[in-house]
**Q** 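Before we start, here is the structure in question, set down as structure tokens.
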Protein chains: 2
Amino acid sequence: MTRIPARVPSAPPTLADVAELAGVSRQTVSNAVNNPDLLRADTLERVQEAIDELGYSPNRAARNLRTRSSHLIGMRMNPAQEGTANATMDRFVHSLVETSREAGYHVLLFTGEHEDPLSGYDDLLRSTAVDAFVITDTYLGNPQATWLETRRAPFVAFGRPWGLPDAGHPWVDVDGAAGADLATTHLLDRGHQRIAWIGWRKDSFIGEDRRAGWSRALKARGLPTTGLASRVEDTVASGREASAVLLDDAHATAFVCASDTLAMGVLHTLAERGLVPGREISVVGFDDSQVAQVVPPGLTSVRQPLEQVAIEVVKALEGLLGHPPYVGPGVLLTPTLAMRGSS
Amino acid sequence: MTRIPARVPSAPPTLADVAELAGVSRQTVSNAVNNPDLLRADTLERVQEAIDELGYSPNRAARNLRTRSSHLIGMRMNPAQEGTANATMDRFVHSLVETSREAGYHVLLFTGEHEDPLSGYDDLLRSTAVDAFVITDTYLGNPQATWLETRRAPFVAFGRPWGLPDAGHPWVDVDGAAGADLATTHLLDRGHQRIAWIGWRKDSFIGEDRRAGWSRALKARGLPTTGLASRVEDTVASGREASAVLLDDAHATAFVCASDTLAMGVLHTLAERGLVPGREISVVGFDDSQVAQVVPPGLTSVRQPLEQVAIEVVKALEGLLGHPPYVGPGVLLTPTLAMRGSS
DNA sequence: TTGAAAGCGCTAACAG
DNA sequence: CTGTTAGCGCTTTCAA
């Protein structure tokens with residue numbers, strides 16, 4: 001429970017107030033807060049009592065000014081795509097906020113102009129408003145990482161440095177190939193032979209990574225992939241069209257999709273044709289969005305371990321901001337499969 | 001575009017650096033940044049050039065310390081409920097971040113312990129880490145608002161002060177009754193007569209507000225509501241069970257639901273019975289979540305104007321933090337109806 | 001219109 | 001183990 005102080009002070013108490021009440025110097029109070037080991041037990045206790053009595057909490061601005069750190073982590077928020085099923089960000093942000101708090105950090109959200117992936121970072125950096133950034137869009141050609149590196153800005157990426165194998169920054173990612181493999185193998189175990197892939201355009205590294213898992217799983221059982229793959233935009237409409245073609249031309253009996261959005265497109269096609277997902281045709285999505293969880297009869301989906309990602313991101317952040325800074329190797333986590341009625 | 005400075009300075013430039021380069025005093029630079037009107041045009045220009053050349057941005061911590069304000073708005077983030085279709089928070093947070101930035105504020109996210117609705121606020125307040133809060137859970141009996149008021153903490157609520165008609169704090173809310181009325185009238189216009197309501201338990205003020213809109217719309221056409229309403233938990237399973245009962249016992253031909261989650265429950269029932277949403281039976285949800293947008297054949301849903309809510313919240317915040325502080329009357333916004341295949 | 005002095009609350013460095 | 005001194009970078013007096 002949160003204690004409610006008896007009186008509401010007009011101005012919050014300062015270090016000096018506590019020092020006076022406890023009969024010690026200001027520095028001793030500071031030590032009591034930041035390096036309790038330095039104090040003798042009885043002094044510490046007396047100071048602690050004064051702190052409790054006054055309801056003292058160190059002034060953040062003063063501390064930030066002095067220590068040249070804000071204990072704030074900046075994260076740029078991109079608008080949630082309307083009409084898609086993506087819920088990754090929401091879950092990740094929450095996990096990050098929670099994990100950061102345990103490490104003594106808060107998360108500062110900001111936005112930037114849509115066309116300019118760099119806008120927003122610069123101002124925060126120059127005004128020393130945040131200690132570090134977490135970036136989430138690591139598609140190839142995104143200049144954020146490179147730019148932040150030249151500015152010597154500490155940051156951790158959720159996403160591999162595609163195309164830059166030896167990037168000097170810490171990163172955490174989820175193994176998309178393993179996820180698609182998991183999904184495909186699951187369908188194979190259910191007896192499916194003609195399992196189609198609906199993914200993104202070839203220039204999406206994330207999409208190609210996931211696709212590789214699908215083809216790997218099929219090849220492991222000696223099954224062909226020819227004619228069973230489709231690469232489209234990440235929209236429901238694209239998923240619907242692609243699945244219609246794959247049903248007609250390739251006689252697919254199951255679909256593995258690069259996103260829940262595409263998987264919903266498949267469900268549209270099935271609904272139009274009076275096919276019941278999970279009975280005649282099986283479908284697996286990617287991301288385990290809320291949509292997957294509530295749509296009838298439930299959409300089987302690859303679930304990213306976002307809580308774990310947040311933990312690793314914060315761990316990397318602590319290394320980065322430590323003395324001396326430490327940059328560990330990239331971390332690749334394995335997703336799981338949330339099984340539901342659609343398979 | 002963001003300009004990339006030629007050199008990367010180890011320590012960011014300060015006011016003094018700019019002053020020296022421009023050949024003026026530090027105070028003049030400060031004025032150039034905060035009160036440009038006070039400077040003569042040519043001085044201002046010279047200072048501005050120096051600022052640009054050095055890439056100067058005022059140090060946030062120092063400014064915060066001096067002005068006793070952080071230009072940060074705190075918002076507690078509650079975990080996204082798994083297995084529900086609620087996407088309100090995500091959209092609202094994004095709008096808030098965007099609108100806040102235009103007003104010169106950033107959003108600081110924090111979490112609290114699950115059982116204690118107060119935890120998290122106290123620390124931020126005492127350490128003067130944020131200037132104000134935005135609170136979003138205004139269910140009756142939530143002590144946040146009252147507690148913040150006794151602490152004289154500035155805050156704006158997204159949600160009416162249910163049960164406290166004359167609360168002294170600014171609030172912004174969406175008219176749930178109007179939304180349900182809109183949905184119900186839409187179904188009436190489509191020729192439905194037996195329109196059922198699936199809502200939340202009676203102790204939810206938000207639920208009762210929305211329910212009132214449904215019954216109001218029916219009564220306006222002289223139609224009875226008896227036996228057509230159900231009050232359950234906000235889960236897909238509850239929605240499914242309730243709709244099955246209402247179909248059997250009340251011969252409902254359409255459903256208005258207090259949430260998209262409940263509406264998805266209805267879709268489950270229809271799928272089980274081989275009924276096609278929008279043909280035999282119509283369904284309308286509430287919140288226009290991503291689920292509503294992508295589920296076949298599309299779920300008609302009441303859409304809250306969250307962008308507008310964010311604008312009003314920030315407007316209220318600016319009043320609250322102005323000199324002197326100004327608290328305007330509560331703002332009630334009207335939702336719209338996103339029409340899709342389910343009706 | 002510009003400049004000088006003071007100090008916001010804290011902690012690093014050192015002295016005792 | 002505790003206290004003294006200095007100063008982080010900025011803005012708010014007030015004086016010129």
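Given the structure is predicted, the values throughout are model-derived calculations rather than measurements. In the text below, chain A, chain B and the rest are named by the order of the sequence lines, each starting its count at 1.
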**Q** For residues F92(A) and T136(A), determine if any side-chain heavy atom of one lies less than 4.5 Å from a side-chain heavy atom of the other.
**A**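 They are in side-chain contact.
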**Q** Is the shortest side-chain heavy-atom distance between V309(B) and S95(B) below 4.5 Å?
**A**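 The answer is no; the side chains never approach within 4.5 Å.
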**Q** Between N31(A) (CG) and dG16(C) (C1'), how many Å, whole number?
**A**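 That distance rounds to 15 Å.
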**Q** Please work out which of the three classes, parallel, tilted or perpendicular, describes the rings of H169(A) and F155(A), given edges at 30° and 60°.
**A**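 Rings of F155(A) and H169(A): tilted, 30 to 60°.
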**Q** Would you call D122(A) and R126(A) a salt bridge, taking side-chain N to carboxylate O under 4.0 Å as the test?
**A**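 Yes.
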**Q** Along DNA chain D, 5' to 3', what are the outermost nucleotides having an atom less than 4.0 Å from a heavy atom of chain A?
**A**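 Span of nucleotides near chain A: dC1(D) to dG9(D).
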**Q** Please give, in whole Å, the distance from dA12(C) P to R63(A) CZ?
**A**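 Rounded to whole Å, this separation is 9 Å.
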**Q** Between R66(B) and Q27(A), name the one whose nearest nucleotide on DNA chain C is closer to the 5' end.
**A**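 Nearest nucleotide further toward 5': that of R66(B).
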**Q** Can you list, by residue number, the residues of residues 34-43 of chain B that have a non-hydrogen atom closer than 4.0 angstrom to DNA chain C?
**A**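 Hits under 4.0 Å, by residue number: L38(B), L39(B), R40(B), T43(B).
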**Q** Could you give the CG-to-P distance, from L65(B) to dA6(C), as a whole number of Å?
**A**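 Interatomic distance, CG of L65(B) to P of dA6(C): 18 Å.
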**Q** Could you work out how much the helix from dT1(C)-dA16(D) to dG16(C)-dC1(D) bends, comparing the axis of its first five pairs with that of its last five, to 10°?
**A**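 Its terminal axes enclose an angle near 30°.
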**Q** Is R68(B) near enough to dG9(C) that one of its side-chain N or O atoms lies under 4.0 angstrom from OP1 or OP2?
**A**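 Looking at the OP1 and OP2 atoms of dG9(C), one of them is under 4.0 Å from a side-chain N or O of R68(B).
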**Q** Can D137(A) and N78(A) be counted as having a side-chain donor-acceptor contact under 3.5 angstrom?
**A**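 Yes, because at least one side-chain N or O of D137(A) sits under 3.5 Å from a partner of the opposite role on N78(A).
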**Q** Any side-chain donor-acceptor pair under 3.5 Å between N34(A) and R63(A)?
**A**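 Result is yes, a qualifying pair exists.
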**Q** Do we see a donor-acceptor contact under 3.5 Å between the side chains of S70(B) and D131(B)?
**A**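 Note: S70(B) and D131(B) side chains meet the donor-acceptor criterion.
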**Q** Keeping N59(B) on the side-chain end and A61(B) on the backbone end, is there a donor-acceptor pair under 3.5 Å?
**A**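 Such a contact is found between N59(B) side chain and A61(B) backbone.
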**Q** Donor-acceptor check, side chain of D52(B) to backbone of E49(B), threshold 3.5 angstrom: yes or no?
**A**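 Pair absent, no side-chain N/O of D52(B) close to backbone of E49(B).
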**Q** Shortest non-hydrogen contact from P12(B) to D17(B)?
**A**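 Nearest pair, atom of P12(B) first, then D17(B): O-OD2, 4.4 Å.
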**Q** So that I can tick it off, tell me whether K315(A) and E312(A) are bridged by a salt bridge, with the cut-off set at under 4.0 angstrom between side-chain N and carboxylate O.
**A**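 Answer for the salt bridge query: yes.
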**Q** Hey, is the side chain of S30(A) poking within less than 4.0 Å of OP1 or OP2 on dT11(C), counting only N and O atoms?
**A**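 S30(A) to dT11(C) OP1/OP2: side-chain N or O found under 4.0 Å.
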**Q** Indicate, with a heavy-atom threshold strictly under 4.0 Å, whether R26(A) touches base, sugar-phosphate, or nothing.
**A**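 Base: the residue R26(A), judged by heavy atoms under 4.0 Å, touches a nucleobase.
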